[in-house]
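Report on the structure given below.
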Protein chains: 2
Amino acid sequence: MFFLKTLPSLDMVRGYTGDAGAAETVLDALGMLRRASLLLRDIEQYFARHGLSQQKFLIMVVIDREPDRNSLRLSEIANRLDVSKPVLHRTIKAMTAADLLMSKPDPKDGRSDLIQLTPQAKDLLTQIMPGYFEILLGADRPVQDTG
Amino acid sequence: MFFLKTLPSLDMVRGYTGDAGAAETVLDALGMLRRASLLLRDIEQYFARHGLSQQKFLIMVVIDREPDRNSLRLSEIANRLDVSKPVLHRTIKAMTAADLLMSKPDPKDGRSDLIQLTPQAKDLLTQIMPGYFEILLGADRPVQDTG
DNA sequence: CTTGATTCGTTATCATGATAACTAAATGTC
DNA sequence: GACATTTAGTTATCATGATAACGAATCAAG
């Protein structure tokens, strides 16, 4: 993701929306996209230093936090994350090769595997979670134009 | 971009941050990432219906709104958008092939071209801008499934 | 002017998002 | 139970983000 460093002026937006209140709402939304873009970049860089990505991290999170179960099917993960199945398939394959996930056949559905975290994945999750929250804590700082 | 459909509970986050105020800040940041993810998806779908992407749209915007000039160099566009030069290079090439951009050599720097909008691009920009603001206006409404 | 450092754009390569089209399994209807 | 529909996962292909490494032009130091 990337986004405009400098947002349009209120006057410019008002030229399209007509109404000043609407123009402010639009600028709020653009500001949010800019902040999300910067935050996401910080997050991705943090995960990259641990050999991960936000995507891989979130896959581990949704499996880990599932109550009463320690595994999920691909489609269940996809539903919890709003990500497409092909993307998830590819990532699960990579994470399995990296010993972060392991699968066993689903006894109730011959099409599916039950995907669970390896011990290494659980360790890694515990290790990186505090730094993740620290980055999110810094997210309400004012956005600066760095040039 | 994609993100968790269901955010962690306040209690779960408090388990990591210790302090309740910090936990709320973290949840605000996660909520923002979720809203930005959904909004961005709407925006990309809108642009796709016009044969564009957010990236291509923003390139047109920064050239169009430049005061006193009608062209920018690649690196100037990259600076205004916070996007990497290889990405921009590839996109400018595609947009030039699609008759949205045209280039002429920069008389002041033999390494650069001056990139400007074609008349078609200006027309397209005028045509799609209102719908873009309409989507941004809806960004503060509760999330709904539009199919 | 010449030399060295910097900047600009390009190429190559990779990661991560999407949709379309397919196979296999499960489900629903008769 | 047979057959059509639906669902789960996979494959192929594409778009868009990144960094690394490179040649060419510019700039800065002397």
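Below, read A as the first sequence line, B as the second, and so on, with proteins coming before strands; counting in each chain starts at 1.
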| request: Respond yes when some side-chain nitrogen or oxygen of B:Gln55 is under 4.0 Å from OP1 or OP2 of D:dA15, and no when none is. | output: no
| message | Do A:Met95 and A:Leu58 sit in one hydrophobic cluster, given that two such residues count as connected whenever their side-chain heavy atoms are within less than 4.5 Å of each other, even indirectly? | response | yes
| task | Send over the distance from B:Ile43 CD1 to C:dA18 C1', rounded to a whole Å. | result | 17 Å
Sort me out a list of protein N/O and nucleotides 23-26 of chain D N/O pairs below 3.5 Å, or just none if empty.
from   : atom 1 : to       : atom 2 : distance (Å)
D:dA25 : O3'    : B:Gly110 : N      : 3.4
D:dA25 : N3     : B:Arg111 : NH1    : 3.2
D:dT26 : OP1    : B:Gly110 : N      : 2.6

| field | With sequence neighbours excluded, residues passing salt bridge (Lys or Arg N to Asp or Glu O under 4.0 Å) with A:Glu66 | value | A:Arg80
| Can A:Arg49 and A:Glu44 be said to form a salt bridge (charged side-chain N to carboxylate O under 4.0 Å, His left out), step by step? | CA-CA 9 Å; A:Arg49 288 198 294 275; A:Glu44 290 291 7; over 6 Å; no
| message | Counting only side-chain nitrogens and oxygens, does B:Ser53 get under 4.0 Å of the OP1 or OP2 atom of D:dA15? | response | no
| request: To the nearest Å, give me how far apart CG (B:Leu40) and P (D:dA15) are. | output: 18 Å
| task | Please name the pair of heavy atoms, one in A:Val61 and one in A:Met129, separated by the smallest distance, quoted to 0.1 Å. | result | CG2-CE, 4.2 Å
| field | Side chain of A:Pro86 - closest among D:dA8, C:dT16, C:dT19 | value | C:dT19
| request: Determine the contact category for B:Ser84: base if any of its heavy atoms lies under 4.0 Å from a base atom, sugar-phosphate if only primed atoms, P, OP1 or OP2 are that close, otherwise nothing. | output: base
| request: Find which nucleotide of DNA chain D each of A:Gln45 and A:Glu76 is nearest to by heavy atoms, and output the residue with the more 5' nucleotide. | output: A:Glu76
| message | Do the side chains of A:Glu24 and A:Arg14 get close enough for a salt bridge, i.e. N-O under 4.0 angstrom? | response | no
| task | Could you tell me whether the side chain of B:Arg90 has a donor or acceptor atom within less than 3.5 Å of a complementary atom in the base of C:dG9? | result | no
| said: What's the closest nucleotide to the side chain of A:Lys93 if the choices are D:dT11, C:dG17, D:dG9? | reply: D:dT11
| request: Please report, rounded to the nearest Å, how far the P atom of C:dT16 is from the CZ atom of A:Phe47. | output: 12 Å
| task | Check the distance between C:dG9's P and B:Leu114's CG and give it to me in whole angstrom. | result | 10 Å
| task | Would you indicate, yes or no, if C:dC8 has its OP1 or OP2 atom less than 4.0 angstrom from a side-chain nitrogen or oxygen of B:Ser112? | result | no
| task | State whether B:Ser75 places a side-chain N or O below 4.0 Å from either non-bridging phosphate oxygen (OP1 or OP2) of C:dG9. | result | yes
| task | Determine: side-chain N/O of A:His89 to OP1/OP2 of D:dG9, distance under 4.0 Å, yes or no. | result | no
| field | 5′-ward residue of the pair A:Lys85/B:Asp113 relative to DNA chain C | value | B:Asp113
| task | Measure across A:Ser9 and A:Leu27 and return the closest heavy-atom pair with its distance rounded to 0.1 Å. | result | C-CD1, 4.3 Å
| Does B:Arg111 come within less than 4.0 Å of B:Asp109, counting only side-chain N to carboxylate O? | yes
| query | Could you give the CD1-to-P distance, from B:Ile59 to D:dG17, as a whole number of Å? | reply | 8 Å
| Within the pair A:Lys56 and C:dT16, is there a side-chain N or O less than 4.0 Å away from OP1 or OP2? | yes
| request: Specify the closest pair of heavy atoms between B:Ser103 and B:Ile115, including all atoms of both residues, with the distance to one decimal. | output: OG-CG1, 3.7 Å
| field | Whole-Å distance separating the CD1 atom of B:Ile92 from the C1' atom of C:dC8 | value | 12 Å
| query | D:dG17 phosphate, OP1 or OP2: any side-chain N/O from A:Arg41 under 4.0 angstrom? | reply | no
| note | Out of C:dG9, D:dA18, D:dG9, minimum distance to the side chain of B:Leu74 belongs to C:dG9
| query | Atom CZ of A:Phe57 and atom C1' of C:dT16: how far apart are they, to the nearest Å? | reply | 17 Å
| task | For B:Thr91, report the nucleic acid contact type (base, sugar-phosphate, nothing); a contact means any heavy atom under 4.0 Å. | result | nothing
| For the pair made of CZ in A:Arg73 and C1' in D:dT7, what is the distance, rounded to whole Å? | 9 Å
